[in-house]
**Q** 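Questions regarding the structure given below will be posed in turn.
What you are looking at is a predicted structure, and each value in this text was computed from that prediction instead of being measured.
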Amino acid sequence: QVQLVESGGGLVQAGGSLRLSCAASGRTFSSSAVGWFRQAPGKEREFVAHIDWSGGRKTYADSVKGRFTISRDNAKNTVYLQMNSLEPEDTAVYYCAATRIPGAVIDRYQYNYWGQGTQVTVSS
């Protein structure tokens, strides 16, 4: 069992930065891949970024590539999402999710555990 809690969201102007954190509890977190997803009002939840259990493999959605960076510190049971050059289109609730399904990356249905989400609002 893994419990996830996101933090770090807030209101920022376009061009600004935020760092989201995903703090986990549970024995299996360090062997789990973690994904960040986001959901804007009226839209489907979409993939943002993924990191494998070791931190050696990272995958990004095209819309955030070059602006967002995912990282993890297994000693602290925490995954981070550094978001730079934020745009109004990045406004959404951001969720972290964990999975131990091999090969799971962008498909949200392959993630077993979810946090409650944190709101990110980017003003123009």
**Q** Do any N or O atoms from the side chain of Arg27 and from the backbone of Gln1 form a donor-acceptor pair under 3.5 angstrom?
**A**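 No: the side chain of Arg27 does not pair with the backbone of Gln1.
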**Q** Any side-chain to backbone donor/acceptor pair from Thr78 onto Lys76? Under 3.5 Å, distance only.
**A**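 Yes; judged by distance alone, with no hydrogens or angles, the pair exists.
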**Q** When you look at Tyr80 and Thr69, which way does the side chain to side chain contact (heavy atoms under 4.5 Å, CB included) test go after all the steps?
**A** CA-CA 8 Å; Tyr80 304 97; Thr69 302; over 6 Å; no
**Q** Would you give the length of the straight line joining atom CZ of Arg100 to atom OH of Tyr113, rounded to the nearest 0.5 angstrom?
**A**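 One gets 8.5 Å once the value is rounded to the nearest 0.5 Å.
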**Q** Has the side chain of Thr99 got a donor or acceptor atom that lies under 3.5 Å from a matching backbone atom of Ile101?
**A**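 Checking the backbone N and O of Ile101 against the side chain of Thr99, a donor-acceptor pair under 3.5 Å is found.
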**Q** Hey, could you give me the CD1/NZ distance between Ile51 and Lys58, rounded to the nearest 0.5 Å?
**A**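 Those atoms lie 5.0 Å apart.
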**Q** Measuring only between side-chain heavy atoms, which start at C-beta, is Val120 closer than 4.5 Å to Thr91?
**A**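 Not touching, per the 4.5 Å side-chain cut-off.
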**Q** Pick out which of Glu6, Met83, His50 makes a side-chain contact (heavy atoms from CB on, under 4.5 Å) with Trp36.
**A**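 The residue from Glu6, Met83, His50 that satisfies side-chain contact (heavy atoms from CB on, under 4.5 Å) with Trp36 turns out to be Glu6.
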**Q** Taking atom types as modelled and ignoring hydrogens, do the side chains of Ser25 and Gln3 form a donor-acceptor contact shorter than 3.5 angstrom?
**A**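 Note: Ser25 and Gln3 side chains meet the donor-acceptor criterion.
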**Q** Working to the nearest 0.5 Å, report the span between OG of Ser32 and CG of Asn77.
**A**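 Spacing of OG (Ser32) from CG (Asn77) equals 9.5 Å.
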**Q** Is there a donor-acceptor pair under 3.5 Å between the side chain of Arg67 and the backbone N or O of Ser85?
**A**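 At least one qualifying donor-acceptor pair exists.
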**Q** List the steps, then state whether salt bridge (Lys or Arg N to Asp or Glu O under 4.0 Å) holds for Glu44 with Arg108.
**A** CA-CA 11 Å; Glu44 292 283 314; Arg108 68 181 189 266; 2.9 Å; yes
**Q** Do the side chain of Arg57 and the main chain of Trp53 share a donor and acceptor less than 3.5 angstrom apart?
**A**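 A pair under 3.5 Å: no.
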**Q** Quick check on the 6.0 Å ring-centre criterion: do Tyr111 and Phe37 meet it?
**A**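 Between Phe37 and Tyr111, which both carry aromatic rings, the centre distance is below 6.0 Å.
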**Q** Rounded to the nearest 0.5 Å, how far does OG of Ser54 lie from CZ of Arg72?
**A**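 These two atoms lie 8.0 Å from each other.
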**Q** I'd like to know whether Val48 forms a side chain to side chain contact (heavy atoms under 4.5 Å, CB included) with Tyr60, so could you lay out the CA-CA distance, the side-chain angles of the two residues, the decisive distance to 0.1 Å, and finally the verdict.
**A** CA-CA 6 Å; Val48 175; Tyr60 298 93; over 6 Å; no
**Q** Distance check, rounded to the nearest 0.5 Å: Gln82 atom CD versus Ile70 atom CD1?
**A**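 Going from CD on Gln82 over to CD1 on Ile70, the span is 12.0 Å.
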**Q** Taking atom CZ of Arg38 and atom CG of Leu81, what is their separation to the nearest 0.5 Å?
**A**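 Nearest 0.5 Å value for the CZ-CG distance: 9.5 Å.
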**Q** Report yes if the side chains of Thr121 and Val12 come closer than 4.5 Å at any heavy-atom pair, otherwise no.
**A**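 They are not in side-chain contact.
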**Q** Decide side chain to side chain donor-acceptor pair (under 3.5 Å) for Asn84 and Ser17; before the verdict, give the C-alpha distance in whole Å, the side-chain angles of both, and the deciding distance to 0.1 Å.
**A** CA-CA 4 Å; Asn84 298 329; Ser17 298; 2.9 Å; yes
